[in-house]
Protein chains: 2
Amino acid sequence: MTEQLKRATISDVAEHAGVSRAAVSKVLRNAYGVSPAMRSKVEESMTLLNYRPLALARGMRGNSYTLGVFLVDLSNTFFSVLAEGIRDVAEELGYQVLIGQARQGLDAQKKLIEAMVDRRMDGLVLIAPFGPNEELEKLGRTIPVVVLGRHGPAQYFDTVASDDIAGSALIVDHLVSLGHERISMLANTQPASEPGMPQTVRRHGYDLAMEKHGLSQWIDHVPGRWGTESGLEAGRSLAARTPAQRPTALHGGADVAALGAYTTLFEAGIHIPDDMSIVGYDNIPAAGLPPIGLTTVDQSGVQMGRQAAELLLSRIEGRTASEHLLVPPRLIVRKTSAPPRR
Amino acid sequence: MTEQLKRATISDVAEHAGVSRAAVSKVLRNAYGVSPAMRSKVEESMTLLNYRPLALARGMRGNSYTLGVFLVDLSNTFFSVLAEGIRDVAEELGYQVLIGQARQGLDAQKKLIEAMVDRRMDGLVLIAPFGPNEELEKLGRTIPVVVLGRHGPAQYFDTVASDDIAGSALIVDHLVSLGHERISMLANTQPASEPGMPQTVRRHGYDLAMEKHGLSQWIDHVPGRWGTESGLEAGRSLAARTPAQRPTALHGGADVAALGAYTTLFEAGIHIPDDMSIVGYDNIPAAGLPPIGLTTVDQSGVQMGRQAAELLLSRIEGRTASEHLLVPPRLIVRKTSAPPRR
DNA sequence: AGAAAAACGTAGACCGATCTACACAAAGAC
DNA sequence: GTCTTTGTGTAGATCGGTCTACGTTTTTCT
């Protein structure tokens, strides 16, 4: 086994350039008190020695130049789109983005977030976290935090979310305009749903829209969560209903859940959209696949990701007043919605 | 703004327990030379003060207890499945997994890997990296590395890969048994393809299998890359051919590419599987959606991820001889493959 | 009982940066 | 020509852990 190559440290650079370590640190940080002559001398030594500052060591006192992104579900491709937007903005400013994925459960979430804090990340973007708002407020007092997907208000962290009330209205309006009355919704009934969580807000938006159209009697929440598994399950339960008890249209809550329901409904011989219309939310890539063609609500994830990153960065720079952004959603009509047959 | 809560350090614990910092460090590391009495005393103080060691600081001398996973494409859900397997194993041993996603390009990949090294990760799993093997060998001499998706041999890093020769054979055999002769393949012609990269091996496996069946005359590589975009493009180019020039079946190389081709082919009015059979590779979740039902090759991603993590951990523990695992693939027949019509 | 070995704790250097306090020199003010 | 002010560079503490070297006590072995 060949010897490991030793990497250059700040001391090596200082010695090579004939200056103090503090001086090198200054040019590294673009700090005040560096003459042009010294700067160029030091920079030359840095490139010559192939020096890269050890981010870990910097983090001990200053910034680690690392942002953490917390995700529950990597396989939800909408989340990865968000992550992409975050990364784009962060990289422009010299920050690295590292993504952590927790397994399901509040406990796992907490552990992962702690792990990120223990690695002295400069700030955190939490994508669709669960748990009570107070926990997040507490976290926000420890480290800059932006929550993606949860609605404000909040005092110690910023939020970026889709206008879920409007999004649900878009869906219901669309279905009603096609002639549907009996419209159910896959409601995410995760334990301890908080106000501000998208599942809460979308459900509320659905209720409001149904009422607006005078369809309160048909309001129907199919319980579950928003994941593929749970969507499959919901589809099964819907298929098990008698045709008379079955809705003619379904607000899926999220694309992954909607596609899950689609799957088991389809397998049970219920044809989409002839027997039932389905509308999703998120516009994940798989939704656009032509044989599926899921009608859905688009949230322009990259944009949301970028905004979240910008908020986080400005918070790291010192802003303390919290901000809460609402992104207008957009309906994308494809093939899973059609007039009811009866 | 409320004051930030100060977190307890090792000195705080030491003082509270009435012992030295070194002693606390010892119980933390399970090091030799700790009496049961002291251990319990210290542990009590730790829980009382709600102490968590700062992983960042530990990394300065010892391990950072962090593994890095490098990915090119978060939206390729197969990769996220791999990441899940890695995380499961790592967490059991107290390691955190942080995922970094690079934008396209060798340069971006290099920068991200450097960033992970600069954060003193204890080891790296690279999922489908590009670039020459020498680069990886060099990296492997700096830090423990396992490459997922590239075939060995290699001296300074381990590999875990699907047996792509066998996988391609599975696909060709299946199509031939259905009666196909004219079978094309979406070949990933990324610049600087290295031996050992899945695209290279799968293509070679396809060539071999075609020859075995006496179909050398029909060997046909449709150029592109393995992403959704490139798949869309390939589908378009295939649709543009005259029916006589068009293959009756397509080895898609990877599910994302296969689904891309499916999309544009479908839009061009070419019906799958009546006009053309398509087989993918990876068995990503979207492939299983019933209206699509992509016939594909499964690689049991979670298992591969777990194996990669185990290799990495054992390498971190000191193993130096490299290992190279080949995972047998499995054909999953669904609805996009059928006998040719003519 | 005396010597050797094992068990237990501690002091303090160390990892590689940042950052405060200060020394010194050059420039500007009066 | 002294007195500030401004610019430039350095010494050394600091962040929160790890780890080596060593001293002291206890146990084990003849």
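To find a chain, count down the sequence lines: A is the first, B the second, and so on, and within it residues start at 1. Everything numeric here is computed off the predicted structure, so don't read it as measured data.
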Any side-chain N or O of B:Tyr32 less than 4.0 Å from the OP1 or OP2 oxygen of C:dA7?
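True: B:Tyr32 side-chain N/O within range (under 4.0 Å) of C:dA7 OP1/OP2.
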Any donor and acceptor pair, going by atom type alone, linking the side chain of A:Arg29 with main-chain N or O of A:Ser25 inside 3.5 Å?
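Between the backbone of A:Ser25 and the side chain of A:Arg29 there is a qualifying donor-acceptor contact (under 3.5 Å).
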For the pair B:Asp158 (side chain) and B:Val146 (backbone), establish whether a donor and an acceptor sit closer than 3.5 Å, ignoring hydrogens and angles.
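Between the backbone of B:Val146 and the side chain of B:Asp158 there is no qualifying donor-acceptor contact (under 3.5 Å).
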Report the distance from atom CE of A:Met38 to atom C1' of C:dA25, rounded to the nearest whole Å.
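Those two atoms, CE and C1', are 15 Å apart.
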Output the rounded distance in Å from CG (A:Asn30) to P (C:dC19).
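In whole Å, C:dC19 P lies 13 Å from A:Asn30 CG.
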Per-nucleotide protein contact string for nucleotides 11-19 of chain D (B base, S sugar-phosphate only, - none; heavy atom under 4.0 Å)
B-BBBBBBB
For A:Ser300 and A:Val327, work out which heavy atoms get closest and say how close.
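Scanning both residues, the minimum pair turns out to be OG-CG1, 4.2 Å.
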Which atom pair, heavy atoms only, marks the closest approach of A:Ile113 to A:Phe70?
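Shortest heavy-atom contact: CG1-CD1, 4.1 Å.
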So among A:Val160, A:Thr159, A:Leu326, which one has a side-chain contact (heavy atoms from CB on, under 4.5 Å) with A:His151?
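For A:His151, the side-chain contact (heavy atoms from CB on, under 4.5 Å) test succeeds with only one of A:Val160, A:Thr159, A:Leu326, which is A:Leu326.
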